[in-house]
Amino acid sequence: MKTTSSMVSPKSSVLLAKRKRKIHKLLEDEDDDNVGREEGKISEAKSESMKGDSKKRQFRKKTVSFDDSESEEEMLKDQREKEELEKHIREKDEARTWKLTVHKLTQKEKEEEIRRSNALEKDDVRVLRNSSRHEFLKKTVDKKLIELGNYIEDEQYLFEGVKLTEAEKSDYRYKKEIYELLTKQSEEADNVNEYRMPDAYDQDGVVNQKKRFSAAMRHDRDRISDEKMNSFAEQELWEEHQIGKASWKYGSENKKQASDDYQFVFEDQIDFVKASVMDGDNVCYEEMDDSFQKSKAKSASEALLEERKKLPIYPYRDELLKALDDHQVLVIVGETGSGKTTQIPQYLHEVGYTKHGMIACTQPRRVAAMSVAARVSQEMGVKLGHEVGYSIRFEDCTSEKTIVKYMTDGMLLREFLGEPDLASYSVIMVDEAHERTLSTDILFGLVKDISRFRPDLKLLISSATLDAEKFSDYFDSAPIFKIPGRRYPVEINFTKAPEADYLDAAIVTSLQIHVTQPPGDILVFLTGQEEIETAEEMLKQRTRGLGSKIAELVICPIDANLPTELQAKIFQPTPGGARKIVLATNIAETSLTIDGIKYVVDPGFCKMKCYNPRTGMESLLVTPISKASAMQRAGRSGRTGPGKCFRLYTAYNFHNDLDDNTVPEIQRTNLANVVLMLKSLGIHDLIHFDFMDPPSVEALLKALELLFALSALNKDGDLTKVGRRMAEFPLDPMLSKTIVASEKYKCSADIISIAAMLSVGNSIFYRPKDKQVHADNARLNFHIGNVGDHIALLKVYNSWKESNYSAQWCYENYIQLRSMKRARDIRDQLEGLLERVEIELISNSNDLDAIKKSIASGFFPHSARLQKNGGYQTIKHPQTAHIHPSSGLAEVLPIWVVYHELVLTTKEYMRQITELKPNWLVEIAPHYYQLKDVEESVSKKLPRGEGRA
DNA sequence: GAGCACTGC
């Protein structure tokens, strides 16, 4: 088939080349064996895999029959695993090798996966192997279209952009034929399992894939413990249910069904339509319109009341109240839309729980707390901030009258500091507990603790389905209360084979949806800003090739750092005839909801921050998402109507390779802050603190060690006066220490500006792709005199202040206004807190050394020294590092520096750096650095003059 | 000479 290779046009794009490679491989394969031999091979492969299966079965039988010894075996296995893990960690002690191994691993895993899937697919129709992309098209393309022979047309759509040769086209058509055969069979087949294995050879009597697979599944069920099975089956059931619901909605006669769905939407608001909706009669449309008008004519409060009665939770009201009467802790399971967040606090209020204290309801996000509070105050007919209020950082919208209080979970945590028994509350409801944010996890421990000596305090833990058992176990087998949700069906599609390049696959899938699917917007989950940009480019490039043959595609990128005005674009309604495609990061998974999304493309990855306590280094790694996350993503397509989710991985991957839940944040973060907070609440034994998922002892010790070094704790591990002051600040302990230390150097006003700027993160400087040079120049203005990044940030803040907080100034200097506003808010808050810990507000911006010394007082554990090779090494725990290129000192290379954070990306980078005099270290932290640490290395290893002497 | 998932206090 080499002749075909020579036919590739030199003009071809990367995509084309890739696609062609696939097809060539395919053609080669076919060339090698004729059809008969092919079949022989396949059946051979099949019996091979059957053998494998029976082996597995035997193994399973064995484990089942030796039930009693299983726990012992498991313990042994656990032990072994633990040992292996420990060994593993030891081996990776050095951060550099650690990094490399991680990378190697993922590469290896990839290869492994491809190999495994290839093996699995030996029993697949060969020709279909390389066409997993077309799988979506084939699965979902309207059957009628095929009947009419119209598919030649959509084939042209596909071919247009990539200019295939005649041979390739005919190959495609051949595959299409096979596909048609397959569809026919699957239509005939009774129950379609989403684990759809190829049916092509059923009729040859070689093997019945479905039977084989369901047998395998049954064995799986035997093996898996009951507890696990429940969640497993639940998931499966959910998906099957959704698929079942969805599958009959599309097709030639879907019009009537679709109208049913619209009626379902209206059902939210209208009382008596239900029966006629069930009838599915068209007449009810008018009736509904009628009643819709009527309900509008009613007073607003009455309408609200009626709406409340429509919520799925309403029928359970009395049962729920009874349950809470009987039990102190209740786990509530309810999907979004069940009304639990808005209704439960109202129910509790109605029966008088608010007589003895407030009801608190915590949310992981600010906007959620605000909007829910607004809604509830409306429903209760009171003014927001009076009886119903919310409390979030920078904004306390409550009053003395407040009895129902929505708040962020972090805010309740702060309140613990002032009121360790939460005496002013009678009910605490932790909402969205399944998200397992850091604050939620700590709240669990604290709340469980106080519930022991406050039997009058009621606890409600509300979560989405998956974790309920776990929550119940944690809260001493609290009863679980289930409320049905209200959601539209979502059809889930998996790829047949793993995709090597998920970005490319995501683009192709989106285009396929665009071409073959009924109107509805598309949401694509990608991992980061850069990836979104490339995806946008690719989409534009490819749609350009298709010209006017396809409907307009509106591309909307979105990530958290995008300026607000650009973010607004995704909420604009899609123009008629066009289709919107939203390229989003994880932000769209929980934080924002976009209306009109009907299709979700889920490549199965996200970026996750991990903390290595050994090196104190954070890294942002692209990792596979969890099953829970995948479900959440899929659910995003079914918010306003039935939806479809296209997962760019196989069902096998989903069930076997993805974790059930994302690792809770508490296990992959720097705990210094958490430890300081718990210590200031008087909790001494942190190792035995009742965490739901305890963090590693190592991470705890590292945090304790740091706090001791910062003299926030004394030798006995008790909080010192410094520590108590530090705990007042909602900042990283090192930053808090910097502020506390600024008292001594009389520059507190400058330091809080810096602290505020540092805590808004990396989104201050705006650097658009097309104006990088200008942006970089603007940035250099703040680095004049090589003052270091901290002081540059101070300069930015002060200049902005001088410009009277002008937006224009930000624009001219390539600074993000939003970040600056946030910095101002934080600074204002810090100013208030300074007063509280009795530190005078003094500015001393001319004495840069004073400012630098304050910084060093907080960040001395983060000091590094220049090496001969131009890299740096940290002082106390030797560790190589480099200055991040974005730093103003990246080319200056001072000999001694302190850094704000150490991140692992392509190298170990220190971000936000300030120069330091080595003797300061001994002066500031004599308990941490001895003279010899500093002096010896100065005299012995002077760099060869490239730094500053 | 390289890069910023997402929250929250």
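Throughout, protein chains are lettered first and strands after them, A, B, ... in sequence-line order, and every chain is numbered starting at 1. Computed from a prediction, not measured in an experiment: that's the story for all the values here.
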Between [atom2] of [N] and [atom1] of [X], the distance in whole Å:
| X | N | atom1 | atom2 | answer |
| --- | --- | --- | --- | --- |
| A:Leu443 | B:dG8 | CG | P | 15 Å |
| A:Asp409 | B:dC9 | CG | C1' | 10 Å |
| A:Glu432 | B:dG8 | CD | P | 13 Å |
| A:Ile666 | B:dG8 | CD1 | C1' | 14 Å |

Item to check | Qualifying residues under side chain to side chain donor-acceptor pair (under 3.5 Å), relative to A:Arg365, sequence neighbours excluded | outcome: A:Glu435
Checklist entry - Reading nucleotides 2-7 of chain B 5' to 3', which nucleotides get B (base under 4.0 Å from a protein heavy atom), which S (sugar-phosphate only), which -? => result BBBBSS
Checklist entry - Using a cut-off of 4.0 Å on non-hydrogen atoms, how would the nucleic acid contact of A:Ile392 be classed: base, sugar-phosphate, or nothing? => result sugar-phosphate
Next on the checklist: Any base atoms under 4.0 Å from A:Ser439, or only sugar-phosphate, or nothing? Heavy atoms, all strands.
Outcome noted: nothing
Next on the checklist: A:Glu533: which residues meet the side chain to side chain contact (heavy atoms under 4.5 Å, CB included) condition with it, sequence neighbours left out?
Outcome noted: A:Gln529, A:Lys769
Checklist entry - Which pairs pass salt bridge (Lys or Arg N to Asp or Glu O under 4.0 Å) with one or both residues in residues 884-894 of chain A, sequence neighbours excluded? => result none
Checklist outcome for this item: The residue, A:Arg393 or A:Glu891, whose nearest nucleotide of DNA chain B is more 5′ is A:Glu891
Checklist entry - Is the distance between the ring centroids of A:Phe859 and A:Tyr899 less than 6.0 Å? => result no
Item to check | salt bridge (charged side-chain N to carboxylate O under 4.0 Å, His left out) partners for A:Lys340, two or more places apart | outcome: A:Asp431
Checklist entry - What residues form a salt bridge (charged side-chain N to carboxylate O under 4.0 Å, His left out) with A:Arg827, not counting sequence neighbours? => result A:Glu831
